[in-house]
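These notes concern the structure reproduced below.
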Amino acid sequence: MDLTRLSPDEVILWEWGVFKVNATLAFTWAMMAALIVASWLLTRRLTSGRDVSRVQMALELVVDYMRDQIREVTGDRNPNRYLAFIGSLFLFVGFAALLTIVPGFTPPTASLSTTAALALAVFLAVPAYGIAVEGVRDYAQHYLQPSIVMLPFNIIGELSRTLALAVRLFGNMMSGTKIVAVLVAVVPFIFPIVFRALGLLTGMIQAYIFAVLALVYIASGMRTQAERSTFDSERKAD
């Protein structure tokens, strides 16, 4: 596989007529399968009794840490509301970064199509959580505040935020992969190992940042809705 290509989308692994399977699709589905199998293996023997395995204790520590982070960012006393979505984002991006140590593996997050899809999921999650709390009608009215003139500006703000999230993740993941590829071609011994270790560290940091940013966007949307609702109530009372 030619790692000097700009994107794994350009690496075609299988083709039949108009149907093509590129490296992005293949690695994404392989990661999904590995995560599903790993999740099943790690959670199949969970228990609520006193005899708890070390694996379960480690999993509970990770989940508790994620809950504390969610509670700290959102201020919500019910972090489980966001846990599945934010946790899935972190696991996917983090696992993609972890697998970069495997020779020949190109993380699907080095493709703009993958990062755009992740950012789109965050973009859809913001109104999804808002609608779940307030309902469709009340949530839609927030885009018309303080007047209907602000509708296009509110929509543009949401879209630009999503675009920034996608480009940020794509740039960080793609640049790390390409730097290692160039160093492998120039100095094929010590430096690539060092940069792979640094790439693994930065990849995990990017997974954390991406998950936190997604949570901040969702939480800010929820806070903005609450503030607007309070403002509308006070204006009606006056």
Side-chain angles (χ1 to χ4, degrees), residues 28 31-32 35 62-97 107-147 149-176 202-232:
T28 298
M31 284 179 50
M32 290 167 56
L35 286 172
V62 172
V63 172
D64 287 339
Y65 176 77
M66 294 178 67
R67 285 174 176 167
D68 291 339
Q69 291 292 303
I70 293 173
R71 190 181 293 109
E72 181 178 349
V73 172
T74 63
D76 196 329
R77 296 182 178 179
N78 182 24
N80 293 332
R81 178 185 303 174
Y82 313 94
L83 182 62
F85 179 69
I86 300 300
S88 297
L89 289 177
F90 175 78
L91 285 177
F92 183 84
V93 179
F95 192 52
T109 46
S111 166
L112 185 58
S113 60
T114 300
T115 56
L118 294 174
L120 179 61
V122 177
F123 173 75
L124 296 176
V126 174
Y129 281 105
I131 291 173
V133 173
E134 296 188 353
V136 177
R137 181 178 179 181
D138 291 338
Y139 178 81
Q141 289 179 349
H142 296 316
Y143 285 95
L144 305 177
Q145 300 298 329
S147 67
V149 178
M150 295 300 298
L151 175 61
F153 297 101
N154 290 331
I155 295 176
I156 291 174
E158 295 287 342
L159 293 176
S160 62
R161 186 169 56 183
T162 302
L163 178 62
L165 190 64
V167 173
R168 176 189 176 91
L169 180 61
F170 165 72
N172 289 326
M173 299 301 293
M174 183 270 291
S175 61
T202 57
M204 298 304 295
I205 293 175
Q206 287 303 319
Y208 175 79
I209 293 175
F210 186 85
V212 169
L213 283 177
L215 186 59
V216 168
Y217 291 165
I218 294 173
S220 64
M222 300 287 285
R223 290 192 186 115
T224 301
Q225 295 156 20
E227 290 171 359
R228 287 173 176 170
S229 297
T230 303
F231 175 77
D232 292 342

Exercise. Is the side chain of Tyr217 donor-acceptor paired with the backbone N or O of Ala125 at a distance under 3.5 Å, no angle test?
Worked result: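 Flag not set: sc Tyr217 to bb Ala125 has no pair under 3.5 Å.
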
If you compare all heavy atoms of [X] against all heavy atoms of [Y], which two are closest, and at what distance to 0.1 Å?
X	Y	result
Ala96	Pro107	O-CB, 3.8 Å
Leu118	Thr109	CD1-CG2, 4.3 Å
Pro79	Arg67	CB-O, 3.7 Å
Gly87	Met66	CA-CE, 3.2 Å

Got a second to check how far [X]'s [atom1] is from [Y]'s [atom2], nearest 0.5 Å?
X	Y	atom1	atom2	result
Tyr82	Thr74	OH	OG1	5.0 Å
Gln69	Ile86	CD	CD1	12.0 Å
Thr115	Leu120	OG1	CG	11.0 Å
Ser88	Leu83	OG	CG	8.5 Å

For this session: Could I get the full list of side chain to side chain contact (heavy atoms under 4.5 Å, CB included) partners for Leu35, not counting sequence neighbours?
Result: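 For Leu35, the residues satisfying side chain to side chain contact (heavy atoms under 4.5 Å, CB included) (neighbours in sequence not counted) are Phe95.
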
Problem set entry | Residue list, side chain to side chain contact (heavy atoms under 4.5 Å, CB included) with Leu91, at least two apart or on another chain |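 Result, side chain to side chain contact (heavy atoms under 4.5 Å, CB included) vs Leu91: none returned.
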
Are [X] and [Y] close enough that some pair of their side-chain heavy atoms sits under 4.5 Å apart?
X	Y	answer
Ile218	Phe85	yes
Tyr208	Phe90	yes
Phe92	Thr114	yes

